[in-house]
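A short worksheet on the structure shown next.
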Number of protein chains: 2
Amino acid sequence: MPDALQPVFRALGDPTRRDILRLLGQEPMTIAEVADNFAMTRAAVKKHLVVLSDGGLITVAPRGREKVNSLNALALKPALEWMGWFDQFWDDRLDALKTAIEKETTDDTGHNNG
Amino acid sequence: MPDALQPVFRALGDPTRRDILRLLGQEPMTIAEVADNFAMTRAAVKKHLVVLSDGGLITVAPRGREKVNSLNALALKPALEWMGWFDQFWDDRLDALKTAIEKETTDDTGHNNG
DNA sequence: CTTAAGTGATACCATTTGGTATCTCAACAT
DNA sequence: ATGTTGAGATACCAAATGGTATCACTTAAG
């Protein structure tokens, strides 16, 4: 898959969807609850939720006749890591430091602490 | 400005534009040089470059009759910082640690969540 | 069963988007 | 001056996008 993070960036490309993510960061919500925070119909919000779900940014769980949408912030990591590639242009000194550290740890478990 | 980072996310929403950014990360290029790396016309690439420039992700400098496009990775920071808000959902333990440190200075009630 | 509430699925619309084709302008080489 | 090359500007097109309206389905409540 040449560009697996396209659905993520695609989902982040709309301000309403970014707002929805922040909203769901507070607490899981049904479609109606989410839609109550925006000046558009439930159907429109639902479309945004589909795009978000398509990008893996939210998970949807049925609760009776409702659908509870929960944030899955972990899906943001690929996009964040893609951006991380550009760190080298922000601060070369810090990048040199990281490179030096990486040379010491030839382990490939991919531990990524901040 | 309610959403100043919209142009940035908008620019990142297209895979071609993300590829262009990586490409310009190697070295500044003219429009023709950039277009030489994609299976589309110069005009199409130019449009992408306009979007990227609109998001501040690249800078354009004339050199003779050519236009040299250079990466401006610093413009990614607002988007990165927006994503940083979701760090709290990635690693609760780290967040709890940070919270604990903050509590040391405020001497709040010892309300610990498991 | 009947009714209401929450959701899913279409159909439809206006606008944006990604792309090409084409023309013109500016700069370099001869 | 002339021809060539890089780039800007338009016009144009097909497809995607964001949104509404509407209807069907499912679940909860009487």
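Predicted, not measured: the structure shown is a model, and the values here were computed from it. Every chain is numbered from 1 and lettered A, B, ... according to where its sequence line falls, protein lines coming before strand lines.
- In this structure, the side chain of B:R42 does not engage the main chain of B:A35 through any donor-acceptor pair within 3.5 Å.
- For A:R65 against C:dT7, no side-chain N or O and base N or O form a donor-acceptor pair under 3.5 Å.
- Rounded to whole angstrom, the span from the CZ atom of A:R63 across to the P atom of C:dG6 amounts to 11 Å.
- For D:dT20, the OP1/OP2 oxygens have a side-chain nitrogen or oxygen of A:T41 closer than 4.0 Å.
- Between A:R10 and D:dG18 there is a side-chain N or O to OP1 or OP2 distance below 4.0 Å.
- Projected onto DNA chain D by closest heavy-atom contact, A:T16 and B:A32 fall at different nucleotides, the more 5' of which corresponds to B:A32.
- In this structure, CG of B:D14 is placed 11 Å from P of D:dT17, rounded to the nearest angstrom.
- Proximity of A:T30 to A:R63: side-chain heavy atoms (C-beta onward) are separated by under 4.5 Å at one or more points.
- Side-chain proximity of B:H48 to D:dT20, C:dT7, C:dG18: nearest is C:dG18.
- The separation between B:N69 atom CG and D:dA7 atom P is 8 Å, rounded to whole Å.
- Two residues, B:K47 and B:E33, neighbour DNA chain D, and the one matched to the more 5' nucleotide by heavy-atom proximity is B:E33.
- Rounded to whole Å, the distance from CD on B:E66 to P on D:dG8 is 11 Å.
- Contact check, B:R17 against C:dT17: no side-chain N or O comes under 4.0 Å of OP1 or OP2.
- For the pair A:I20 CD1 and D:dG18 C1', the computed distance is 12 Å after rounding to whole Å.
- By the criterion of side-chain heavy atoms lying less than 4.5 angstrom apart, applied directly or through intervening Ile, Leu, Val, Met, Phe, Trp or Tyr residues, B:I58 is grouped together with A:F86 in one hydrophobic cluster.
- Across the protein-nucleic acid pair, B:M29 atom CE and D:dG6 atom P stand 15 Å apart, rounded to whole Å.
- Side-chain atoms of B:R17 come within 3.5 Å of backbone atoms of B:A11 as a donor-acceptor pair (strictly under, hydrogens ignored).
- Between the A:Q6 side chain and the B:G13 main chain, a donor and an acceptor come within less than 3.5 Å of each other.
- Phosphate contact (OP1/OP2 of C:dG8, side-chain N/O of A:K67, threshold under 4.0 Å): present.
- Closest to the A:I31 side chain, of the nucleotides C:dG18, C:dG8, D:dA7, is C:dG8.
- Between B:R42 atom CZ and C:dT22 atom P there is a gap of 14 Å when expressed in whole angstrom units.
- Per the geometry, CD belonging to B:Q6 stands 13 Å off C1' belonging to D:dT17, to the nearest Å.
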